[in-house]
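Let me begin by presenting the structure, written as structure tokens, before commenting on it.
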Amino acid sequence: MAVIAYWEAIRRAHDEELANDPMVIAMGEDIGVAGGTYKATQGLYDKYGPERVIDTPISENSYTGIGIGASMAGMRPIIEIMSINFALLALDTIINAAAKIRYMSGGRVQCPIVIRTPGGTAHQLAAQHSARLARMFMSTAGLRVVTPRGPLDAYGMLKSAVRCNDPVIVIEHEQMYNLKEEVPDEEFFRPLEGAEVVREGEDITLIGYNYSVHLCLEAARRLEADGISAEVIDLRALKPIDRETIRRSVEKTHRVLVAEEDEAPVGVGSEIITGIIEDCFFALDAQPVRIHAADVPVPYAENLEKAAIPDADDVYQGALKVMGRI
Amino acid sequence: MNEADRKRLLREMMFYRRFEDRCFEAYMERKIGGFLHLYSGQEAVATGVLEKARVNRGTDGDYVITGYRDHIHAIKTGAPPREVMAELYGKETGSSRGRGGSMHIFDPTVNFMGGYALVGQPFPLAAGLALACKHKSTDQIAICFLGDGANNQGTFHETMNMASIWDLPVLFVCENNQYAIGTRIDRSTAVTDQYKRMCAYNIEASQHDGMDIDVVMEAAEKAIDYVRGKRRPYFIEFMTYRFRGHSMSDAKGYRTREEEKEWEKRDPIRIFSARLIEEGVITPEDIKAMEKEIDDEIENDIVRFAEESPPPKVEDLTRYVLDDNPDPRWIGPLQK
């Protein structure tokens with residue numbers, strides 16, 4: 001076991017998968033010679049060469065499309081898109097092509113491609129570098145969407161994503177690349193489906209994904225001091241969603257909060273709470289609460305940004321509201 | 001090329017024309033739904049280029065990909081015409097099991113990697129197929145057929161640039177029929193000779209008559225040899241004309257009857273059949289007999305197959321969204 005950072009976990013998964021299968025390649029802006037904006041491919045250009053760790057021009061839609069085309073012919077490209085905002089440029093090839101080719105070919109052609117991209121706010125990057133957008137991908141049939149919360153999943157889920165035969169969107173987070181966790185030295189895989197109870201509790205269920213899991217965990221620690229036992233679920237995958245794990249938890253705690261860093265409309269919270277209403281409405285003892293960003297383009301000014309994006313205190317206050325304490 | 005092959009090529013083009021006409025009829029009878037884009041008038045391009053490519057050789061052949069006007073490209077690449085027709089009828093026996101329709105014909109058993117409705121989307125997909133050929137060090141190439149209208153998409157510029165810097169073995173075939181749906185090329189495009197645009201990407205390019213299959217074949221052979229041998233992209237432009245509208249809902253109000261008549265004189269089937277008659281390869285009577293044979297085949301084999309095939313089962317609605325037999329090691333469930 002070694003304690004490694006999120007970026008090192010991604011780098012290790014790349015390294016092992018490139019070594020394991022000659023059909024695996026990595027593509028993206030600055031991932032080769034420059035080693036990657038988040039260091040996720042550091043050193044791999046020297047190790048595997050320019051044919052397998054490919055620096056692309058700033059042409060998101062078409063280099064993603066090239067990856068998709070290569071995957072149709074048996075390759076397994078891992079594409080890095082530097083920011084989820086830039087993934088908007090590639091929506092045509094991701095949503096109109098990768099997500100639909102298996103279906104519209106009657107299952108005869110598949111696109112085993114992995115698209116990694118950080119979705120989330122960092123520090124004062126302003127509106128065009130702070131999108132989260134998980135909700136857009138989770139609403140598209142034909143994609144898998146995963147949101148690793150730490151190095152263990154970042155490594156294990158990326159490895160599974162490379163082996164899986166479906167297009168997988170891996171949503172990372174700029175504020176998590178240096179987050180550290182103990183990771184086994186031997187190779188392992190983490191599945192692309194299934195939510196995980198990361199903290200057991202009795203009184204309320206806090207549901208998060210990606211960065212917001214950490215907000216939920218911090219809120220849970222504060223709630224404990226107030227005598228409230230919070231269970232925390234990491235969704236891990238936004239498509240498909242593991243409704244069973246959520247139902248079991250809500251039937252135990254009877255209270256639920258969903259924390260997302262994104263804006264609320266048509267979002268993760270809306271989807272999860274709708275599922276709870278459909279699956280276990282009568283288990284609820286209180287109205288569910290969504291914690292989410294303000295419905296504004298993310299502002300630059302530090303105080304405005306802080307006001308726009310939820311933090312652990314917002315989750316904590318929201319949980320108190322669900323508990324009827326405020 | 002020997003006489004038998006030349007005769008076969010004429011028959012192929014006649015077959016393609018009749019196939020598309022029969023699709024038109026089936027559409028009018030509401031047997032075919034959705035959008036239907038017919039290839040009539042442009043037959044010499046796909047027939048001539050693919051005649052010189054390595055097609056119909058299973059998965060060892062060249063990759064072929066195109067836009068939504070895709071029936072004939074699929075058939076010439078090796079997709080069985082019965083399956084193409086069954087696809088248009090929305091049947092389980094169709095090329096895409098009835099899930100794709102006219103614009104999305106796929107047959108990976110012959111490396112026909114699809115028809116796509118997003119104009120210009122096949123450019124990067126084709127380059128990706130070529131990247132795979134390069135990566136696997138095979139001598140396969142990728143061939144991408146698209147119209148002139150597609151060349152005003154961002155994917156055109158982005159892909160040409162990458163195909164060039166990465167030395168991808170891809171042949172871009174531009175079927176310049178001079179109309180982007182209903183907008184004439186000089187009204188939509190700053191440089192109307194499409195091959196000239198390739199100087200921006202350092203890609204070899206040329207322009208040819210797309211109505212004369214002999215011209216098409218000669219140019220295509222050189223271009224394909226270049227791509228296969230040099231492992232570099234090539235852009236080949238063929239001047240052509242579609243005799244029908246963009247799709248079935250097109251009244252063709254954007255072009256004159258005079259212009260259409262001028263191009264109809266250059267009908268690729270008329271040009272090639274006249275030449276074969278002149279060369280003594282075939283007689284008008286042979287052509288008549290061929291027409292009848294084609295009619296019989298289309299009616300009694302192809303259309304009948306499509307008519308009699310079952311539609312997909314409704315209980316299979318959600319098949320093919322994701323891998324239907326995923327490996328639990330990658331997918332789960334999560335060990336608690």
Side-chain angles (χ1 to χ4, degrees), chain A residues 22-23 25 51-52 54 56-57 59-75 77 89 92-93 96-97 99-110 112 141-144 159-166 189-197 236-237 240 242 245, chain B residues 63 65 87 92 94-101 103-104 106-109 111 113-114 116-118 121-136 142 154-155 157-159 161-163 165-166 168 312 319-324 326-336:
Chain A
M23 289 300 117
I25 55 170
E51 305 284 329
R52 299 197 59 205
I54 303 172
T56 66
S59 306
E60 287 84 2
N61 194 32
S62 295
Y63 73 64
T64 303
I66 288 176
I68 293 163
S71 78
M72 292 161 68
M75 295 187 66
L89 288 151
D92 175 48
T93 46
N96 280 323
K100 296 179 171 50
I101 284 172
R102 181 191 294 278
Y103 197 84
M104 66 186 194
S105 69
R108 302 181 81 189
V109 178
Q110 63 182 17
L143 298 178
R144 291 183 173 278
K159 284 178 68 78
S160 294
V162 172
R163 308 279 176 114
C164 160
N165 293 326
D166 300 313
F189 296 86
R190 295 273 291 164
L192 300 172
E193 289 186 11
E196 186 175 15
V197 177
R236 293 181 73 254
D242 175 6
T245 297
Chain B
Y63 288 100
I65 190 166
E87 185 61 31
E92 182 66 28
S95 307
S96 303
R97 314 309 184 220
R99 269 69 167 184
M103 298 181 282
H104 309 303
F106 285 82
D107 191 341
T109 64
N111 283 354
M113 303 311 275
Y116 297 84
L118 276 297
Q121 192 180 68
F123 285 127
L125 301 181
L129 295 165
L131 184 85
C133 297
K134 181 186 177 187
H135 192 78
K136 295 177 190 173
T155 48
H157 305 276
E158 294 181 351
T159 303
N161 182 51
M162 285 183 272
I165 58 172
W166 294 341
L168 301 181
R319 272 185 84 181
Y320 312 133
V321 175
L322 295 172
D323 185 356
D324 291 307
D327 188 326
R329 284 177 297 172
W330 328 132
I331 301 306
L334 185 69
Q335 299 302 316
K336 311 282 178 184

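Values in this document were obtained by computation on a predicted structure and should not be read as measured data. Just so we're on the same page: letters track the sequence lines, and every chain starts at 1.
- Interface remark: B/F123 contributes no atoms to any contact with chain A (heavy atom separation under 4.5 Å).
- What you find for A/E193 and A/R144 is that their closest heavy atoms are OE2-NH1, 2.8 Å.
- Side chain of A/Q110 to main chain of A/M72: no donor-acceptor pair is present (N/O by atom type, distance under 3.5 Å, no hydrogens or angles).
- Looking at B/L118, only its side chain comes within 4.5 Å of chain A, counting heavy atoms on both sides.
- B/D107 touches chain A through backbone and side chain together, each having a heavy atom under 4.5 Å away.
- The parts of B/D323 that come within reach of chain A are both its backbone and its side chain, each placing non-hydrogen atoms under 4.5 angstrom from that chain.
- In terms of heavy atoms, B/K134 sits closest to B/W166 at NZ-O, 2.7 Å.
- When heavy atoms are compared at a cutoff of 4.5 Å, A/P240 does not approach chain B at all.
- Taking 4.0 Å as the cut-off between side-chain N and carboxylate O, A/R102 and A/D166 count as a salt-bridged pair.
- The backbone N or O of B/R97 sits less than 3.5 Å from a side-chain atom of B/R99, completing a donor-acceptor pair.
- Between chain B and the options A/I66, A/I25, A/N61, heavy-atom pairs under 4.5 Å are most frequent for A/I66.
- Of the possible polar contacts, one joining the A/S160 side chain to the A/R190 backbone as a donor-acceptor pair under 3.5 Å is found.
- At least one donor-acceptor pair closer than 3.5 Å links the side chain of A/R236 to the backbone N or O of A/P191.
- Highest contact tally toward chain A, considering only B/T155, B/V321, B/L125, B/L322, is held by B/L322 [criterion: heavy-atom pairs under 4.5 Å].
- For the pair A/T64 (side chain) and A/T93 (backbone), a donor-acceptor distance under 3.5 Å is absent.
- Of all the listed residues (A/V162, A/L143, A/N96, A/N165), the one sharing the greatest number of non-hydrogen pairs under 4.5 Å with chain B is A/N96.
- Counting heavy atoms from C-beta on, the side chains of B/R329 and A/R163 never come closer than 4.5 Å.
- Chosen from B/E92, B/R319, B/Q121, B/M103, the residue pairing most often with chain A at heavy-atom distances under 4.5 Å is B/Q121.
- For a residue to count as touching a neighbouring chain, one of its non-hydrogen atoms must lie under 4.5 Å from one of that chain's; by this rule B/M113 touches chain A with backbone and side chain alike.
- When each of A/I68, A/D92, A/T56 is scored by its heavy-atom pairs under 4.5 Å with chain B, the top score falls to A/D92.
- In terms of heavy-atom pairs under 4.5 Å with chain A, the best-connected choice from B/G101, B/S96, B/G154 is B/S96.
- Considering only heavy atoms from C-beta on, B/Y116 comes within 4.5 Å of A/I101 through its side chain.
- There is no contact between A/S71 and chain B, counting heavy-atom distances below 4.5 Å.
- Between B/E158 and A/Y63 there is no side-chain heavy-atom pair separated by less than 4.5 Å.
- The parts of B/H104 that come within reach of chain A are both its backbone and its side chain, each placing non-hydrogen atoms under 4.5 angstrom from that chain.
- Taking chain B as the reference chain and counting heavy-atom pairs below 4.5 Å, the highest number among A/S59, A/G65, A/S62, A/P22 is found for A/S62.
- At a 4.5 Å heavy-atom cutoff, the contact between A/I54 and chain B is made by side-chain atoms alone.
- Considering only heavy-atom pairs separated by less than 4.5 Å from chain A, the leading option among B/D327, B/L129, B/L131, B/N161 is B/L129.
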